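What you see is a predicted model, and the numbers here were worked out from it, not measured in a lab. The chains referred to below are lettered A, B, ... by the order of the sequence lines, with proteins before strands, and numbering in each begins at 1.
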Amino acid sequence: MSTEEKSLNFIEQIIEEDLKNGLSKNKLRFRFPPEPNGYLHIGHASAICLNFGLGIDYQAPVNLRFDDTNPAKEEQEYVDAIKRDIEWLGYQWANECYASDYFQQLYDWAVEFVKKGKAYVDSQSSEEMAKQKGTPTQAGTNSPYRNRSVEENLDLLKRMKNGEFPNGTHILRAKIDMAHTNMLMRDPIMYRILHSHHHRTGDQWCIYPMYDWAHGESDYLEQISHSFCTLEFLPHRELYDWFLDQVYDSTKVRPKQREFARRNLSHTVVSKRKLLQLVEEKHVSGWDDPRMSTISGMRRRGYPPMAIRNFAKTIGIAKRTNLIDVSLLEFCVREELNKTTHRVMAVLNPVKLIITNYPEGKEEWLEAENNPEEEVMTYRKVPFAKELYIEREDFQEEANKKFFRLTLGTEVRLKNAYIIKGESVVKDADGNITEIHCTYDTDSRSGSGTEASQRKVKGTIHWVSIQHAIPAEVRIYDRLFSHESPDGNKEIDFKEFINPNSLEVITGYVEPSLQSAKNLDQFQFQRLGYFCVDKDSSAEKLVFNKTVGLRDTWAKVEAKD
RNA sequence: UGGUCUAUGGUGUAAUGGUAACACUACGGUUUUUGGUGCCGUCUUUCUAGGUUCGAGUCCUAGUAGACCAACCA
């Protein structure tokens with residue numbers, strides 16, 4: 001154990017306080033409660049990492065609970081995807097739970113509420129009820145059905161449950177206070193009639209509990225000690241506690257709801273409704289399209305799970321409204337990838353380079369470091385020959401002194417190979433360069449130990465041997481949106497939001513060692529960025545997705561000139 | 001025009017009445033067989049006004065600004 005002082009966020013302070021006040025440590029229990037109506041996205045990362053992180057820190061169980069109280073929107077596919085994503089992030093839940101597991105208990109409690117005069121069946125239309133509810137500045141008025149007899153309420157509730165009424169004809173409401181300043185306390189709905197097939201309970205139920213009625217009671221049934229949610233649920237806390245008061249047995253743990261601010265990421269849309277729209281209207285290939293802000297999209301894009309966890313840790317937990325710059329996320333991704341990825345050579349925009357004094361037909365297999373950051377260095381062999389591809393941007397016939405790469409008459413090192421000197425170019429009729437001719441210093445091979453191999457030249461460029469290189473499909477993704485504000489309530493306008501160039505597919509040439517790359521294997525293409533292999537059964541070529549670029553100082557230097 | 005929550009650099013988070021700090025970004029230097037990485041540095045911060053206190057980012061009051069609340073969604 002280190003004595004290093006760790007500052008606690010306000011959530012951890014609440015837990016410490018409760019522990020100090022007598023809550024025993026083995027009663028700690030947390031939960032992550034997604035609704036299975038979409039895929040998890042980066043906006044969920046904070047809640048996931050908070051709850052599962054607390055579970056790890058306090059060695060307490062964390063339940064994964066699906067808040068499946070609205071069968072109209074929920075599907076098994078989403079349940080599966082959520083489980084997959086949480087596992088991929090490296091977390092384990094203690095129990096897989098469903099709000100629907102508690103439907104019977106919830107119903108039995110509701111019957112008790114009715115018997116005690118704490119709930120009644122209202123038979124107005126939703127419009128009428130909305131009118132009676134008042135506004136934030138104006139008290140509501142009582143429903144004409146508010147004082148129905150217990151017997152009548154019991155009978156109606158039973159018939160609601162038995163499916164005797166169509167949707168929308170009756171609801172069960174808690175009887176609290178229609179004049180309460182908190183609108184959620186104005187006789188909130190507990191059950192609505194919904195003749196809808198549920199992905200787990202099938203057609204067993206046709207009345208479904210509302211969030212407020214199901215959530216706190218589910219926490220209680222699972223004996224969750226701390227129920228953390230986002231700030232928009234803060235006004236719900238009073239109702240959460242009211243419902244709990246009605247069923248609470250003082251020998252049990254009483255769950256405590258506390259709220260933290262949801263994180264907003266600049267230039268990123270994370271509303272499930274909008275992500276669903278992108279999928280359904282086929283603007284993207286699916287929920288796991290690498291342009292999506294979903295966890296599964298980021299996985300396919302090559303984001304390492306630890307990067308997402310570190311990101312969540314770095315942005316912390318607080319209550320202020322916020323807009324986090326995506327550059328922080330990208331920093332976390334690079335930080336992780338830098339430690340682990342092999343540096344390999346690929347040329348995405350090739351131009352032919354011929355070494356005039358290199359023997360025709362000769363090939364050499366040169367040794368290359370996999371990753372200069374590795375503690376124990378590993379190496380691979382790369383083939384070298386007379387004709388190479390280099391990056392078109394790595395050559396200029398004449399250049400200013402800030403250009404570190406190949407020009408006519410200057411020397412650069414071919415990474416892992418020889419020092420070469422630009423001699424001449426061949427152009428087509430339009431003046432485009434088709435070949436660059438150079439000579440090499442025969443004594444300068446990397447690692448040969450000769451004096452020439454130690455020479456400093458002003459630049460190093462990457463290359464691939466034309467006869468050995470593998471053509472590969474390289475998909476370069478932009479972030480899908482470039483809208484400054486987070487979601488808001490505005491309708492999504494695809495013309496405004498979608499960058500039509502958000503996906504660029506090109507053919508690049510990669511070194512032959514990548515032939516055996518596996519799905520999601522990650523590489524840093526020298527000076528081009530981080531890429532991951534995306535195995536696509538329909539594609540014959542190797543397919544790479546661009547994960548994230550390197551820090552692009554080179555573009556800035558050029559911009560300055 | 002009600003209630004609740006929030007307010008620390010460009011961004012995010014800390015400082016728990018006692019020297020305002022860490023990270024990202026930006027910029028500069030340095031190392032480098034990647035214009036990457038690493039290392040060093042610079043810039044920029046307590047919403048306003050009162051009050052309590054020896055001492056306030058922190059506590060109190062008022063103001064200002066922002067967020068949330070009127071789904072048979074969660």
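When heavy atoms are screened at a 4.0 angstrom cut-off, A/Phe233 is found touching base atoms of the nucleic acid. Here A/His215 lies out of heavy-atom contact (under 4.0 Å) with every strand. Nucleic acid contact class of A/Gln124 (heavy atoms, under 4.0 Å, all strands): base. Residue contacts shown for A/Ser446 include a base, since a base heavy atom lies under 4.0 Å away. Base contact: A/Gly447 has a heavy atom under 4.0 Å from a base atom. When heavy atoms are screened at a 4.0 angstrom cut-off, A/Gln526 is found touching base atoms of the nucleic acid. Residue A/Thr460 is classed as a sugar-phosphate contact, given heavy-atom separations below 4.0 Å to backbone atoms only. Among the atoms of the strands shown, only primed sugar atoms or phosphate atoms (P, OP1, OP2) are found under 4.0 Å from some heavy atom of A/Phe331. Using a 4.0 Å heavy-atom distance criterion, A/Asp67 is classed as a sugar-phosphate-only contact. If you check every strand for non-hydrogen atoms under 4.0 Å, A/Pro34 touches nothing. Within 4.0 Å (heavy atoms only), A/Gln524 reaches at least one base atom of the nucleic acid.
Going from atom CZ of A/Arg173 over to atom P of B/rA70 covers 14 Å, rounded to whole Å. In this structure, CD of A/Gln257 is placed 13 Å from C1' of B/rC5, rounded to the nearest angstrom. Nucleotide B/rA74 holds its C1' atom 12 Å from the NE2 atom of A/His41, rounded to whole Å. A straight line from CG of A/Asn371 to P of B/rU33 spans 16 Å, rounded to a whole angstrom. Computed from coordinates, the A/Asn370 CG to B/rU34 P distance equals 15 Å when rounded to whole Å. Across the protein-nucleic acid pair, A/Asp212 atom CG and B/rA70 atom P stand 11 Å apart, rounded to whole Å. Between A/Phe531 atom CZ and B/rG36 atom P the separation is 17 Å, expressed in whole Å. As rounded to whole Å, 13 Å separates atom P of B/rU11 from atom NE2 of A/His267.
Under the rule for a salt bridge (charged side-chain N to carboxylate O under 4.0 Å, His left out), A/Asp67 has no partner lying at least two apart in sequence or in another chain.
For the pair A/Lys415 and A/Trp463, the NZ or CZ position fails the cation-pi test of under 6.0 Å to the six-membered ring centre and within 45 degrees of the ring normal.
Taking the P atom of each, B/rG57 and B/rG51 are spaced 15 Å apart, rounded to whole Å. B/rA56 and B/rG18 have their C1' atoms separated by 10 Å, with the value rounded to a whole Å. The C1' atoms of B/rU48 and B/rG41 are separated by 35 Å, rounded to the nearest whole Å. Straight-line distance between the P atoms of B/rU30 and B/rC68: roughly 49 Å, to the nearest whole Å. Using P as the reference atom, B/rU61 and B/rA67 are 24 Å apart when rounded to the nearest Å. Taking atom P in both B/rU58 and B/rC47, the straight-line distance is 8 Å, to the nearest Å. Comparing B/rG9 with B/rC22, their C1' atoms are spaced 13 Å from each other, to the whole Å.
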Inset, instruction - Determine, stepwise, if the pair A/Asn182 / A/Leu239 fulfils side-chain contact (heavy atoms from CB on, under 4.5 Å). - result: CA-CA 9 Å; A/Asn182 182 347; A/Leu239 180 55; over 6 Å; no

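For A/Lys456 and B/rU33, the shortest distance from a side-chain N or O to OP1 or OP2 is below 4.0 Å. Using a 4.0 Å cut-off, some side-chain N or O of A/Arg192 falls inside it from OP1 or OP2 of B/rC73. Contact annotation: A/Thr69 side-chain N/O to B/rA74 OP1/OP2 distance is under 4.0 Å. Between A/Arg343 and B/rU34 there is no side-chain N or O to OP1 or OP2 distance below 4.0 Å.
Shown here for A/Cys97 and A/Tyr102, the closest heavy-atom pair between the two residues is CB-OH, 3.7 Å. Here the closest heavy-atom approach between residue A/Leu172 and residue A/Met160 is recorded as N-CE, 3.9 Å. Considering every non-hydrogen atom in both A/Arg413 and A/Ser444, the closest pair reads NH1-O, 3.0 Å.
When each of B/rC5, B/rC72, B/rC73 is scored by its nearest atom to the side-chain atoms of A/Leu231, the top-ranked nucleotide is B/rC5. Ranking B/rC68, B/rG35, B/rA70 by closeness to the A/Phe404 side chain, first place goes to B/rG35. Relative to the side chain of A/Met129, the nucleotides B/rC69, B/rU25, B/rC72 differ in distance, and B/rC72 lies closest.
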Kindly give the atom pairs (protein nitrogen or oxygen, nucleotide nitrogen or oxygen) under 3.5 Å for nucleotides 12-15 of chain B.
unit_1 : atom_1 : unit_2   : atom_2 : d
B/rG12 : OP1    : A/Leu323 : N      : 3.2
B/rG12 : O3'    : A/Arg263 : NH2    : 2.9
B/rG12 : O2'    : A/Ile315 : O      : 2.9
B/rU13 : OP1    : A/Arg263 : NH2    : 2.8
B/rU13 : OP2    : A/Arg320 : NE     : 3.0
B/rU13 : OP2    : A/Arg320 : NH2    : 2.8

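Counting non-hydrogen atoms of neighbouring residues, nucleotides and ligands closer than 6.0 angstrom, the CD atom of A/Glu451 reaches no more than 12 such neighbours.
B/rG50 is paired with B/rC60 under the criterion used here, namely a Watson-Crick or G-U wobble arrangement in which both key atom distances are under 3.5 Å. Summarising the base pairing, B/rU1 is matched to no nucleotide, lacking a Watson-Crick or G-U wobble pair whose two defining distances lie under 3.5 Å. Nucleotide B/rU44 is matched to nothing when pairs are restricted to Watson-Crick or G-U wobble geometry with both distances under 3.5 angstrom. In this entry B/rA71 has no Watson-Crick or G-U wobble partner, no candidate having both defining distances under 3.5 Å.
A/Tyr211 and A/His236 have perpendicular rings, their planes meeting at more than 60° on a 0 to 90° scale where under 30° would count as parallel.
Residues A/Lys256 and A/Asp18 are paired through a salt bridge, judged by an N-O separation under 4.0 Å between the basic side chain and the carboxylate.
A donor-acceptor contact closer than 3.5 angstrom links the side chains of A/Asn63 and A/Glu222.
The base of B/rU34 lies outside donor-acceptor range of the side chain of A/Arg527, with no N or O pair under 3.5 Å.
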